[in-house]
Amino acid sequence: MENLVIEGGLPLHGEICVSGSKNAALPILMASILLNEPTTFTNVPDLRDIHTTLKLLNILGCACSFQDGRVDVQPAALQSEAPYDLVKTMRASVLCLGPLLARLGVARVAMPGGCAIGARPVNLHLSALEKMGAEFELEEGYINGRCKGLHGAHIQFDFPTVGGTENLLMAACLAEGETILENVAREPEVSDLAAFLIRCGADIEGQGSSVIRVRGVSSLHGCEYAVMPDRIEAGTFLIAAGITDGELLLKNCPYNDMDAVLNKLREAGMDIRLTDSGVLARRGTDGLRGVDVSTRPHPGFPTDMQAQIMALLCLADGSSMIDETIFENRFMHVQELVRMGADIRLSGSTAMVRGVERLTGAPVMASDLRASASLVLAGLAARGKTTVQRIYHLDRGYEHMECKLRAVGARIRRVPADA
Ligand code: UD1
């Protein structure tokens, strides 16, 4: 195991290039199960979750290779079982369910694990696939699904689940007839998946809105596709500029998909501008001030940015109320931030943050992916040394984070946990 050691208090200055989006790449790679031709993906981030997905695809019969952000996938005879050893490390593995049922009529997928942020069931995926003709049994920790060909259906999601929308979108592409998906997730990553599928010959309309209509086709062909940039990584680096009182220029930043985050950071006192050379971010002249944040499905404020903005608001003037409405149990960073001197009180799904003058370095424990990022941000701003433990969470979702931060002036290094 490794730790990150951060000597905080230095303002960051320079340019950072935003990587390809993890949450777009995962379903798009999984969609290669649907294709019967070779496909090439570019702008794929070099992350643990991506390598887990490639391992899973290899087991399922899609031969994958990864080099410098490029993934080549060669289809071969498909297998139907996604084993527990892989699925337990990454909840998004469940995204192979829809494509496997569409191609093979059978799928055996371990019940997912992943980040420890609440129960995170997959009931909405399963009940929607049942409407398309699939049947499921839960047996020994596995979801066993089968169908005699999927058919189109009219599906209304109870909640706009991101993974559920993606699973159904993929399944519907090869189903017989038309599928209408209502109350779907409007996240940009869903639109990126739809754009990829359309490039492969799928007939999809409405992505980005709350109703998606899919007319099934008999097969999908291969193509070359560049994954969109990562709006969560970009948001994390915008906050790094604000929390360290530095100035960062983000290249390849998906500015148009980030309204809620940009508006909230500006309200909190950051100065963020779109320039010809990228997105320029720094703390405004009046300093940081408290704001209220409530996480919502897109286009609302993303739950994946809640922990990071909390780190920033720990150092803002005044109070902030942060309401987490998407996941229960997504406040595990709070106790760690408090150990660094933050003033945060939790009450159910709400955190009340009172800004403090400064944070101080401390040994802290990462508990999930975005919580880890918030501790790194706090460590960059804190006086003294912060050691972030269990950074394997961070490696699931941030490409070479410490290298990118070091290049803009951070004192941050990775060390073996027992060093
Ligand atoms: C995706 C993202 C994750 C992000 C989340 C919300 C990927 C790989 N992960 O996760 O980073 O935090 O969207 O933006 O893209 N739910 C159910 N039943 C279901 C499905 C979901 O009750 O069948 C609940 C979940 O427990 C959670 C909420 O719905 O409380 C949101 O989940 P969902 O949108 O499905 O998130 P993921 O796709 O898992």
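Order of appearance sets the numbers: ligands from 1, and atoms from 1 within every ligand. Residue numbers count from 1 along this sequence.
Screening residues 77-87 for salt bridge (Lys or Arg N to Asp or Glu O under 4.0 Å), with sequence neighbours left out, gives E81-R108, D85-K88.
Atoms of ligand 1 lying under 4.0 Å from at least one heavy atom of R330, given by number and element, are 12 (O). Near F159, with a cut-off below 4.0 Å to any heavy atom, the atoms of ligand 1 are 28 (C), 29 (O), 31 (C). Under a 4.0 Å criterion applied to the non-hydrogen atoms of G163, ligand 1 contributes the atoms 35 (O), 38 (O). Per-residue contacts place T303 under 4.0 angstrom from the following atoms of ligand 1 (heavy atoms of the residue considered): 6 (C), 12 (O), 14 (O). Under a 4.0 Å criterion applied to the non-hydrogen atoms of R91, ligand 1 contributes the atoms 39 (O). In summary, the atoms of ligand 1 found under 4.0 Å from a heavy atom of D304, numbered by their order in the structure, are 3 (C), 4 (C), 11 (O), 12 (O).
A salt bridge is defined here as a Lys NZ or Arg NE, NH1 or NH2 lying under 4.0 Å from an Asp or Glu carboxylate O, and R330 with D304 meets this definition. Taking 4.0 Å as the cut-off between side-chain N and carboxylate O, R215 and E178 count as a salt-bridged pair.
Among T325, T165, L124, the residue whose heavy atom lies closest to atom 23 (O) of ligand 1 is L124. Across the listed options T161, N123, N23, N123 owns the non-hydrogen atom lying nearest to atom 17 (C) of ligand 1.
Ligand 1 is approached by H125 to a heavy-atom distance shorter than 4.0 Å. Residue P121 places a heavy atom under 4.0 Å from ligand 1.
D271 contributes atom CG, which lies 4.0 Å from atom CZ of R273 (distance to the nearest 0.5 angstrom).
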Report task. In sequence, state the C-alpha distance, the side-chain angles, and the governing distance for Y398 and S372, and then conclude on side-chain contact (heavy atoms from CB on, under 4.5 Å). Result -> CA-CA 10 Å; Y398 285 89; S372 320; over 6 Å; no

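In this pair, F196 and Y225 present their aromatic rings perpendicular. The plane angle is above 60°, beyond the 30 to 60° band.
When the salt bridge (Lys or Arg N to Asp or Glu O under 4.0 Å) test is applied to E189, the partners found at least two apart in sequence or on another chain are R231.
Looking at ligand 1, you won't find any N or O of F327 less than 3.5 Å from one of its N or O atoms. Residue V162 places at least one N or O, backbone or side chain, under 3.5 Å from an N or O of ligand 1.
At a heavy-atom distance under 4.0 Å, no atom of L126 approaches ligand 1.
A donor-acceptor contact shorter than 3.5 Å is absent between the side chain of D72 and the backbone of S65.
Here the side chains of V73 and L35 are not in contact, with every heavy-atom distance at 4.5 Å or above.
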